[in-house]
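Some notes on the structure that comes next.
Throughout, protein chains are lettered first and strands after them, A, B, ... in sequence-line order, and every chain is numbered starting at 1.
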Protein chains: 2
Amino acid sequence: MQTFLNQLERVLGGSGLLTGEQVRGRASSWLDSSPNQALAIMRPESTEELSAALKVCNQHKVSVVAMGGLTGLVNGAIASTSEVGLSLERMNKIVELDPIQKTAVVEAGVALQVLHEAASVHDCHFAVDLGARGSATIGGMISTNAGGTEVLRFGMMREQVLGLEVVLADGRVMSSMRPLLKNNTGYDLKQLFIGAEGTLGIVTKAMVRLRPRPLTHCCALLAVESFEEVLQLLAFLQQRAGLSLGTFEVMWQSFYDHVLANNKAHKAPFAQSPAFTVIVECTGTNIEADQDSFEAMLGEAFEQGLCIDAVLASTLDQQGAIWAIRDDIETLMSALPNGIMFDVSLPIKHIDSYVEQLKQTLVGRWDEAQVITFGHVGDGNIHLAIALGKHLPAARDALEQYVYTPLEGLSGSISAEHGIGLDKKRYLPLNRSSEEIALMKQIKAVLDPNNILNPGKIF
Amino acid sequence: MQTFLNQLERVLGGSGLLTGEQVRGRASSWLDSSPNQALAIMRPESTEELSAALKVCNQHKVSVVAMGGLTGLVNGAIASTSEVGLSLERMNKIVELDPIQKTAVVEAGVALQVLHEAASVHDCHFAVDLGARGSATIGGMISTNAGGTEVLRFGMMREQVLGLEVVLADGRVMSSMRPLLKNNTGYDLKQLFIGAEGTLGIVTKAMVRLRPRPLTHCCALLAVESFEEVLQLLAFLQQRAGLSLGTFEVMWQSFYDHVLANNKAHKAPFAQSPAFTVIVECTGTNIEADQDSFEAMLGEAFEQGLCIDAVLASTLDQQGAIWAIRDDIETLMSALPNGIMFDVSLPIKHIDSYVEQLKQTLVGRWDEAQVITFGHVGDGNIHLAIALGKHLPAARDALEQYVYTPLEGLSGSISAEHGIGLDKKRYLPLNRSSEEIALMKQIKAVLDPNNILNPGKIF
């Protein structure tokens with residue numbers, strides 16, 4: 001093993017390889033602050049260094065676990081004591097940003113927020129956003145096909161990626177870095193690496209698509225009495241606002257009450273907590289007219305009985321206060337001892353009955369069960385934070401069965417945007433057929449015959 | 001061979017297998033009306049029948065060439081006398097259309113126009129459109145990742161596909177038909193089959209995404225004096241119209257003059273033919289205000305000198321007359337004896353110089369050279385119709401070298417939306433590295449070990 005580490009150090013340089021206390025000083029993940037257990041952590045400075053380092057790992061058949069911003073939620077970037085971690089934190093440059101072509105070339109270690117800021121300077125917009133923007137890296141977000149709050153309009157990370165540079169397990173570099181929206185030249189191989197959670201290759205660089213930066217941004221919080229009306233409101237807004245509708249996020253009463261009760265820094269937007277609180281955002285380009293149209297549209301929704309109250313957020317501060325409630329996952333989880341967060345998707349018409357039945361089942365089995373629901377309802381994606389009092393973590397397996405099993409019959413998914421990692425791999429057969437899983441394994445074997453890239457994750 | 005055909009007929013039924021004159025009575029493709037040469041044409045009625053038929057073909061190692069609407073332009077669906085054709089024309093049902101979830105389940109043989117009309121009934125919109133809409137099938141469009149005139153806003157076919165049912169070479173059926181925008185559960189295998197030109201599996205059914213149908217549709221034709229101004233106009237419209245900008249199509253003077261001169265049915269929109277004629281379309285949801293905003297925006301473009309003349313198309317008839325010019329590929333090609341159509345993409349800032357240099361080179365070598373240019377400039381995608389007088393078809397190879405070789409240095413693509421087929425496969429190495437092509441072949445070998453699915457196409 002020492003020979004192996006010496007070879008790695010020769011390739012990566014002294015500051016390119018962390019060992020011992022340098023590794024232990026790092027956390028395992030955002031959810032788990034215990035010391036990182038990896039044998040070592042590689043910090044290459046360039047694609048060439050990574051290529052050389054992966055050749056060494058492949059020769060020695062030592063597994064490599066790519067670590068992005070460590071903000072993942074499914075234990076997809078956990079390395080054991082016999083595995084080497086890989087951080088691209090030194091490959092963190094925005095190599096190029098072309099505001100005419102609306103593209104950027106970004107190294108994998110760039111944090112989402114850094115890309116947002118750079119795009120903004122050129123009146124451009126990178127169309128994926130999520131709460132972990134300060135830490136989540138572009139490479140990690142591509143490897144997990146991250147979602148977030150703009151999927152309704154712009155799609156997930158997959159839709160933003162025009163080209164990739166990837167280092168394969170044996171050190172070969174595969175590049176498709178063309179700044180083109182359209183390129184039908186054979187199989188679109190880059191798609192394989194997007195969402196593969198670091199099991200097929202290491203994303204080192206991406207050519208991503210940018211959009212024109214919107215000139216107006218309207219935001220409101222609506223109080224809605226029933227889920228049926230939530231659905232009607234969504235249909236109404238989609239028809240009325242068309243593509244300017246960017247966000248349709250819903251907080252169930254359980255979420256709203258829990259966060260407001262446990263973090264007094266938030267100011268209650270409504271006198272009484274609504275059954276459903278909806279964040280609606282529209283963006284546009286008409287500085288004179290957009291806010292008026294937005295308010296008129298909400299007025300009409302109110303008249304049609306689709307909402308019973310509304311708070312307009314006209315200033316950035318007011319918008320910030322609304323999102324602070326929605327994004328306060330820290331309060332949500334810290335005030336829910338041993339709580340587990342789930343991420344599922346299903347046809348939107350089934351969301352309410354799924355949540356209600358799940359709640360009944362859990363409360364029927366465990367009196368102390370709490371189900372707190374929120375999420376990207378416009379995308380059919382909800383998050384469930386569930387606590388079972390003293391029964392967790394012991395009852396975790398039983399709980400997971402209750403959450404995941406009904407999704408099969410509803411054409412839902414056990415992972416909308418968080419991926420599979422270690423946490424969900426035993427449930428993968430609920431969503432993917434044996435033929436599909438067999439083909440995934442065949443593709444893995446072609447690209448990584450020694451099975452050194454994040455082995456044991458996904459399947 | 002007779003045993004093989006008997007087995008096929010047993011599986012497919014009498015009307016499920018065409019042979020002899022029934023095959024010869026069909027054309028080879030849209031471009032080539034000579035009799036189809038296939039050994040037979042399979043017309044399964046169901047996925048099960050196709051599965052059984054492919055098993056027979058795989059056992060006998062007989063190649064299968066999937067034929068959609070035969071509107072492709074790269075000879076990707078040409079079958080030789082020893083190959084069996086496959087038409088899904090009897091699998092042409094829209095199985096389900098859900099206007100709330102905004103999804104449709106469509107059999108592969110459904111024509112694009114049929115899906116458009118069905119979606120429209122439910123106030124929905126299927127966001128890919130192209131001139132061949134009456135014949136092109138959803139299955140063929142998925143297998144070629146079709147583009148068209150709405151890519152700027154909604155992306156290509158790939159972006160519309162939520163799930164696929166695919167029959168593999170050995171008859172196994174692989175399905176991922178979930179109506180979900182978000183589903184991060186392992187490798188997104190369906191991406192492999194999109195754009196694979198029928199070489200990895202046969203698409204039998206798709207779950208596609210629909211959009212809300214826009215309520216307003218504004219269209220204008222603008223006369224622009226230079227390509228520099230075309231680019232400025234595009235940037236201005238993207239900033240001003242944002243996501244409501246759906247179409248930005250450009251006809252070079254060469255195209256405009258040629259089509260108007262050769263088809264007197266068209267009425268000249270401008271007194272003098274402009275250097276560049278741009279079709280701009282915006283869609284929206286504000287019936288009262290959108291046309292006024294559109295006209296105000298164009299007025300401002302005019303004041304800024306970004307265009308020198310404009311024709312507004314307020315009625316459907318007027319819009320139809322504009323598109324009739326742009327879509328008149330029949331006149332374009334029939335008045336250009338032995339002309340060849342090219343489909344390339346490149347960064348938009350290089351388009352003009354690429355076209356000008358190509359024209360100079362060709363005219364320098366062949367006096368009679370004509371280069372007629374038009375296309376989806378908003379996507380960086382242009383089409384070139386090129387004639388060389390008496391020198392074609394003999395000089396085809398030399399011409400292709402002139403068209404394709406400069407693209408490599410410009411990060412362009414030899415095929416933006418038409419695919420590779422037989423026509424471009426020798427040029428694939430200009431766009432894809434040897435590592436990429438090697439990986440494509442490995443994936444092909446995994447999915448189709450006997451190499452029976454459209455062999456010899458792409459690579």
Side-chain angles (χ1 to χ4, degrees), chain A residues 100-101 145 147 151 155-156 159 172 174-175 178-189 191-192 195-196 212 214 235 238-244 284-286 293 345 347-349 379-381 411 413-420 428 431-433 435-436 439-440 442-443 446 458-459, chain B residues 100-101 145 147 151 155-156 159 172 174-175 178-189 191-192 195-196 212 214 235 238-244 284-286 293 345 347-349 379-381 411 413-420 428 431-433 435-436 439-440 442-443 446 458-459:
Chain A
I100 296 172
Q101 185 70 9
N145 188 28
V151 174
M156 300 176 77
E159 280 76 41
R172 268 181 303 160
M174 193 162 286
S175 174
R178 288 170 201 266
L180 305 171
L181 285 183
K182 297 164 95 167
N183 185 15
N184 275 349
T185 51
Y187 308 159
D188 193 358
L189 298 172
Q191 303 293 345
L192 279 175
Q238 285 186 319
Q239 195 58 260
R240 277 294 305 275
L243 291 168
S244 65
T285 56
N286 193 330
S293 310
S345 66
I348 52 178
K349 64 185 168 206
D379 315 325
N381 176 196
S411 295
S413 167
I414 61 164
S415 189
E417 55 181 16
H418 293 173
I420 299 297
L428 189 64
N431 259 224
R432 307 296 296 265
S433 65
E435 289 85 3
E436 287 182 291
L439 179 53
M440 288 183 210
Q442 283 182 287
I443 288 170
V446 164
I458 302 183
F459 44 74
Chain B
I100 296 172
Q101 186 71 10
N145 188 27
V151 174
M156 300 178 76
E159 279 76 43
R172 268 181 303 159
M174 195 163 284
S175 174
R178 288 171 202 264
L180 306 171
L181 286 183
K182 297 164 94 168
N183 185 14
N184 275 349
T185 51
Y187 307 159
D188 193 356
L189 299 172
Q191 303 293 345
L192 278 175
Q238 285 186 318
Q239 195 58 258
R240 276 294 305 273
L243 291 168
S244 65
T285 55
N286 192 332
S293 310
S345 66
I348 52 178
K349 63 185 168 204
D379 314 326
N381 176 197
S411 295
S413 168
I414 60 164
S415 190
E417 56 181 15
H418 293 173
I420 299 296
L428 189 64
N431 259 223
R432 307 295 298 265
S433 65
E435 289 86 2
E436 286 182 292
L439 180 53
M440 289 184 208
Q442 283 183 288
I443 287 171
V446 164
I458 303 183
F459 46 72

Do [X] and [Y] have side-chain heavy atoms sitting under 4.5 Å apart?
X         : Y         : answer
Asn381(A) : Leu180(B) : no
Asn184(B) : His418(A) : no
Leu192(A) : Leu192(B) : yes
Ser433(B) : Ser175(A) : no

Please classify the contact of [X] with chain A as side chain, backbone, both or neither, using a heavy-atom distance under 4.5 Å.
X         : result
Met156(B) : side chain
Ile348(B) : both
Pro347(B) : both
Glu159(B) : side chain
Ile443(B) : side chain
Ile458(B) : side chain
Asp379(B) : both
Leu428(B) : side chain

Quiz item: Looking at CD of Glu436(A) and CZ of Phe459(A), how far apart are the two atoms once the value is rounded to the nearest 0.5 Å?
Solution: 12.0 Å
Quiz item: What distance do Leu189(A) atom CG and Met440(B) atom CE have between them, rounded to the nearest 0.5 Å?
Solution: 5.0 Å
What option among [options] has the most heavy-atom pairs under 4.5 Å with chain B?
options                                    : value
Leu243(A), Asn145(A), Ile420(A), Thr185(A) : Thr185(A)
Ser411(A), Pro212(A), Gly380(A)            : Ser411(A)
Ala416(A), Ser244(A), Ala196(A)            : Ala416(A)
Ser293(A), Ala235(A), Ala241(A)            : Ala241(A)
Gln239(A), Arg172(A), Gln442(A), Gln238(A) : Gln239(A)

Quiz item: Looking at Leu181(B), Ile414(B), Asn183(B), which one has more heavy-atom pairs under 4.5 Å with chain A than the rest?
Solution: Asn183(B)
Self-check item: Full working for side-chain contact (heavy atoms from CB on, under 4.5 Å) between Val446(A) and Leu439(B)
Solution: CA-CA 8 Å; Val446(A) 164; Leu439(B) 180 53; 3.9 Å; yes
Quiz prompt | Derivation and outcome, side-chain contact (heavy atoms from CB on, under 4.5 Å), residues Lys349(A) and Gln101(B) | solution = CA-CA 8 Å; Lys349(A) 64 185 168 206; Gln101(B) 186 71 10; 5.7 Å; no
Exercise. For Ser345(B) and Lys182(A), indicate whether the former's side chain and the latter's backbone hold a donor-acceptor pair under 3.5 Å.
Key: yes
